[in-house]
Protein chains: 2
Amino acid sequence: MALRHAVLAALLDEELSGYQLAKSFDLGVANFWYAQPQQLYTELTRLEKDALITGREVVQDTRPNKRLFRVTDAGLAELERFTATATKPSFIRDDLAVKVQAADYVDTETLIAQLTERAAFARAKTDLFGRLLHTMRGERTEAEFLRHGTRIGPYLTCLRGLTFEQGNHDWCEHTIAILRDRQATQARH
Amino acid sequence: MALRHAVLAALLDEELSGYQLAKSFDLGVANFWYAQPQQLYTELTRLEKDALITGREVVQDTRPNKRLFRVTDAGLAELERFTATATKPSFIRDDLAVKVQAADYVDTETLIAQLTERAAFARAKTDLFGRLLHTMRGERTEAEFLRHGTRIGPYLTCLRGLTFEQGNHDWCEHTIAILRDRQATQARH
DNA sequence: TCATGATAGTCAAGAATGTGAGTAATCAAG
DNA sequence: CTTGATTACTCACATTCTTGACTATCATGA
């Protein structure tokens, strides 16, 4: 009862195929939810069966045929209903945080390597989100767009994704600095 | 293969019962992972079977007896091994973000109510994390503690939790302001 | 020409997670 | 003296998620 609404929300703006949807979920463009491609195909099938979305076959010459989905009125109503239900607290599951939690018991170099990798990943995402935001607002300033734009939902969630990834990046860099500093301090004894 | 390491990492500092562990996971003190109580009991049983933790029965007069668990050497080795494996990207699943994504299609007042609730929740968590950080560092400054403290893992993850919840709070407030502003703008037509 | 990689999926099995109920004792408040 | 909250769990079912394997076609580069 959770992925369904994420998929519905993602299909509000454009007709997408399962494959395209999978891309955006997998790459984290839909930064408010995480899902694997296979889940999306399954969910799309279910959503169509429940008439919350409709699919249409698009025949392609150079590519395999695909099915594009869009939200139906029933789907919109379902989203409306969902919005009115109690919101569960957001949850994070992060392997890296588990590793940092154990920082004093595990190899520092290994940990720093993981943090470095995550920092780079987070940087890539902030760049991506920055570009996405720019594309969405076009020539307008952010304030202008948010005040008068016709579709601000994706912009707002992308803003959250941006600061989240900035937070990840800064935290990784900070943690690396701390660990390095302690290494240096301890080496002197 | 994921919850197990989170549990191991949480048990590094103190012997805990399943119930205590459940509390800390549920309240988000272990802010790097989210899990329900029942999952933890199951996982503790499994971890003990695999000899990564050991439990001891504590007989209590006024309360039901409990079992306290601590990490074994094999458990430490497992954490070490885990740290060296590739880190999966952190994932977020947030009902509220899904609702905001659909902002232009759902009732604004309903959405604002949810955002207000989340903002309050996030504020409560930042307060909690702030107190936890203070408890951990004691009389020392943060820089002092992070440089010379003996156990900094939980402090570092708590720092991430703090900025994450601050981010949530600010985003909620900002989003509310935007939505209110648009309401006012549109009311004029 | 051969191997990748991208597009566009499907299927099935098994692991992980979530939900709800049930047990049982003590303590504090009304 | 009864209700509700807290401590301390256990069991079982259902749903969800993950993993891996599989099918195709076309485009690109070596």
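A, B, ... follow the sequence lines: proteins, then strands. Residue 1 opens every chain.
For Arg93(A), taking side-chain heavy atoms from C-beta onward, the closest of the listed nucleotides dC9(D), dA24(D), dT17(C) is dT17(C). Candidate nucleotides dT6(D), dC17(D), dG9(C) were compared by shortest atom distance to the side chain of Tyr19(A), and dG9(C) ranks first. Across dT16(D), dT17(C), dT7(C), the shortest atom-to-atom separation from the side chain of Leu3(B) is found for dT17(C). In the set dT19(D), dT17(C), dA24(D), the nucleotide with an atom closest to the side chain of Gln38(A) is dT19(D). With distances taken from any side-chain atom of Lys23(A) to the nucleotides dC17(D), dA8(D), dT7(C), the minimum falls on dT7(C).
For the pair Glu43(B) CD and dA16(C) C1', the computed distance is 9 Å after rounding to whole Å. We find that OH of Tyr41(B) is positioned 16 Å from P of dG18(C), with the value rounded to whole Å. Spacing between atom CD of Gln36(A) and atom P of dT10(C) amounts to 17 Å, rounded to whole angstrom units. Atom-to-atom, OH of Tyr34(A) to P of dT16(D) comes out at 18 Å; the value is rounded to the nearest Å.
Within the nucleic acid shown, Ser17(B) comes within 4.0 Å of sugar-phosphate atoms alone, with no base atom in reach, counting heavy atoms only.
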Taking it one step at a time, do Glu78(B) and Arg81(B) satisfy salt bridge (Lys or Arg N to Asp or Glu O under 4.0 Å)?
CA-CA 5 Å; Glu78(B) 173 58 23; Arg81(B) 197 199 56 71; 2.8 Å; yes
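Between the side chains of Ser17(A) and Gln20(A), at least one donor-acceptor pair of N or O atoms lies under 3.5 Å.
Gln39(A) has a side-chain polar atom (N or O) that falls below the 4.0 Å cut-off from OP1 or OP2 of dT18(D).
Within the 6.0 Å centre-distance limit, the rings of Phe145(B) and Tyr155(B) are counted as a close aromatic pair.
Using modelled atom types, one side-chain atom of Asn65(B) and one backbone atom of Gln60(B) make a donor-acceptor pair closer than 3.5 Å.
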